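These numbers come from a predicted model, not from an experiment.
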Amino acid sequence: MLLTATALTGCSLLSESSGKAPAEARQSSSGTSVEELRRKYTGYGFKALKTVEEQLLYADIDESANKLKSEDFFGRGFTETNRVTDILELYKDDHPEVFWIDETEPYYYTQEPNGMTLQLHFKLEGEELQKARGELDAAVKEALEDAPVDGTDYQKELYAHDRLIDNCIYDDEAVEMHKQSQVRGNEQNAYGALVEGKAVCEGYTRAFQILCDRLDVKCWVIQGKALNFGDDGKVNHIWNCVQLEDSWYYVDVTWDDYEDAPAPTDHYFYFNLTTEELVKDHEISPLYTESKDTNVWVNGYVPECTATKYYYFNLNAHPIDSAEAAGCARFVAEAAANKSASCCFLVSQDADFEAVFDEVVNGSAYDWVSGANEINGYDPQISANCKLSNNTERRVITLILDYE
């Protein structure tokens, strides 16, 4: 028996297969035809598979994964063992609720002349697995109890984002173990994020996808790397994209959830970004159908994100091109009337961000607060202890409000 381990690295090899399988292999192990499978599976992961052999293997993985005990299955006509990892990952991308496949040693296989025998490696089996599945279902139901089910897709997405940030913490202990090629527990899956409340990027991403799916918001996962980390400046990373109306946006819930954020609105710097903004510190992995690199994760689908309508700060920040821009005091007054913890200002691309921020620090912020107090009749009264923070990359200035 050979063992394939894929916890912290990925692999793929693009086949030159014609896509034709032997006649006896044109059905899954359960006897379902290829045509039926193509109607059944509609996820981007399955759609990325172009050959019959790949699609049948995907279906067999699905059948095996949904049993309470891992069993051998035969991948008929499939002989390219170094592509199994990618097909399994594409399956997981379509099924974020599947958390019980071991991330360190996900499967075993035996190569045979006309195919391969595989067995998924489950972390849990039998009654223990059934109980854990129920716990995840219950956690998802609880997480969505207060969701705006009749709201817009943006409102639903925002709810799912905030729910995760409020109820999950980043697992620093697991990260240290990953450096030694070890997995602590469920940090890389939705169970860790939603049931245990502790996860790393993959756990956040899978959980966010489940919540969006249950709220009927179209959501997908993106594999890639985070830039400016590690010895070579890159580390494996995973995040989401969502479709709102007819446009796609990138969302990195993991990077929005960090401790000691100066202001509450700092939790939205990676909420609904364009591709142009995202790639400043993210690197998107290639598509499964295009990659020949066996050392990177691959994607089933990668949208081009160009829309800005639902970028968080376009919707929630006051646009300014100078510190003396009109409406700033009234915007602060409205925030204070709602007893908000902060309010933000989005500096236009045409303005000198540093110059505008200096003006705000050196007097304009005081004028905004004074004006807001007058507008509200000093009820509530904003104190002189307000603070400022800024994010040059996002061109956001945040006024952190303090009240008397």
With a 4.5 Å limit on heavy-atom distance, are the side chains of [X] and [Y] in contact?
X	Y	answer
Ile61	Leu88	yes
Glu97	Asp213	no
Leu194	Val140	yes
Leu56	Phe78	no
Leu118	Leu57	yes
Tyr154	Leu315	yes
Ile320	Arg395	no
Ile101	Tyr107	no

(message) As a quick check of understanding, evaluate salt bridge (charged side-chain N to carboxylate O under 4.0 Å, His left out) for Arg206 and Glu202, giving each step before the final call.
(response) CA-CA 6 Å; Arg206 305 292 185 195; Glu202 186 168 1; 2.9 Å; yes
Can you check whether [Y]'s main-chain N or O pairs, donor with acceptor, with [X]'s side chain at less than 3.5 Å?
X	Y	result
Ser33	Glu36	yes
Lys198	Val195	no
Glu187	Gly203	no
Asp266	Ala263	yes
Asp257	Val253	no
Thr205	Ile238	yes
Arg133	Leu68	no
Glu128	Gly126	no
Asn299	Val302	no
Thr275	Glu304	no

If you measure from [atom1] on [X] to [atom2] on [Y], what distance do you get to the nearest 0.5 Å?
X	Y	atom1	atom2	answer
Glu103	His121	CD	NE2	11.0 Å
Trp100	Glu125	CH2	CD	12.0 Å
Ile397	Thr392	CD1	OG1	9.0 Å
Leu49	Thr51	CG	OG1	7.0 Å
Tyr170	Ile165	OH	CD1	14.0 Å
Leu244	Thr152	CG	OG1	8.0 Å

With no hydrogens and no angle check, just 3.5 Å: does a side-chain donor-acceptor pair link [X] and [Y]?
X	Y	result
Glu112	Thr117	yes
Asp171	Tyr204	no
Arg83	Tyr288	yes

(request) Applying side-chain contact (heavy atoms from CB on, under 4.5 Å) between Tyr268 and each of Val396, Asn316, Asp162, report the one that passes. (result) Asp162
(request) Apply side-chain contact (heavy atoms from CB on, under 4.5 Å) to the pair Leu90 and Glu54, showing each step before the final yes or no. (result) CA-CA 11 Å; Leu90 290 172; Glu54 293 170 328; over 6 Å; no
(message) Taking Lys131 first and then Glu127, would you say they form a salt bridge - that is, a charged N and a carboxylate O separated by under 4.0 Å?
(response) no
For residues 325-349, which side-chain N or O atoms pair as donor and acceptor with protein atoms under 3.5 Å away, sequence neighbours left out?
| unit_1 | atom_1 | unit_2 | atom_2 | d |
| --- | --- | --- | --- | --- |
| Asn338 | ND2 | Glu334 | O | 3.1 |
| Ser340 | OG | Ala335 | O | 3.2 |

Minimum heavy-atom separation for [X] and [Y], please, with both atom names.
X	Y	value
Pro380	Asn373	O-OD1, 3.9 Å
Leu287	Val298	C-CB, 4.3 Å
His237	Trp239	CD2-CE3, 3.5 Å
Ala226	Trp255	CB-CZ2, 3.4 Å
Ala65	Val98	CB-CG1, 4.5 Å
Phe271	His161	CD1-CD2, 3.3 Å

(request) Examine Phe269 together with Tyr312 and report whether their ring centres are nearer than 6.0 Å. (result) no
(message) I'd like to know whether the aromatic ring centres of Tyr270 and His282 sit less than 6.0 Å apart in this structure.
(response) yes
(request) Can you sort out the partners of Lys280 under salt bridge (charged side-chain N to carboxylate O under 4.0 Å, His left out), two or more places apart, ordered by chain and number? (result)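 Applying salt bridge (charged side-chain N to carboxylate O under 4.0 Å, His left out) to Lys280 gives Glu277, Glu393.
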(request) Go through Asn390 and Thr398 one step at a time and tell me if the side-chain contact (heavy atoms from CB on, under 4.5 Å) criterion holds. (result) CA-CA 6 Å; Asn390 72 93; Thr398 302; over 6 Å; no
(message) The criterion is ring pair (Phe, Tyr, Trp, His ring centres under 6.0 Å); which residues satisfy it with Tyr258, sequence neighbours excluded?
(response)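 Result, ring pair (Phe, Tyr, Trp, His ring centres under 6.0 Å) vs Tyr258: His267.
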(request) Return the set of residues passing ring pair (Phe, Tyr, Trp, His ring centres under 6.0 Å) with Phe46 (not counting sequence neighbours), or none when no residue passes. (result)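 Listed in chain order: Tyr41, Tyr58.
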(request) Under the salt bridge (charged side-chain N to carboxylate O under 4.0 Å, His left out) rule, what do Glu142 and Arg214 come out as? Steps first, then yes or no, please. (result) CA-CA 12 Å; Glu142 180 183 357; Arg214 297 290 176 89; over 6 Å; no
Under 3.5 Å, sequence neighbours excluded: what are the donor-acceptor pairs made by side chains of residues 215-222?
| unit_1 | atom_1 | unit_2 | atom_2 | d |
| --- | --- | --- | --- | --- |
| Lys218 | NZ | Tyr44 | OH | 3.2 |
| Trp220 | NE1 | Tyr301 | O | 3.0 |

(message) Evaluate Val200 against Thr254 for side-chain contact (heavy atoms from CB on, under 4.5 Å), listing each step before the verdict.
(response) CA-CA 7 Å; Val200 295; Thr254 309; over 6 Å; no
(message) Going by the rule side-chain hydrogen bond (donor to acceptor under 3.5 Å, both in side chains), which residues pair with Glu324 if we only count those two or more places apart in sequence or in a different chain?
(response)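 By the side-chain hydrogen bond (donor to acceptor under 3.5 Å, both in side chains) rule, Glu324 matches Ser364.
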(message) Which residue is it: Thr104, Asn186, Asp102? I am looking for the one with a side chain to side chain donor-acceptor pair (under 3.5 Å) to Lys123.
(response) Asn186
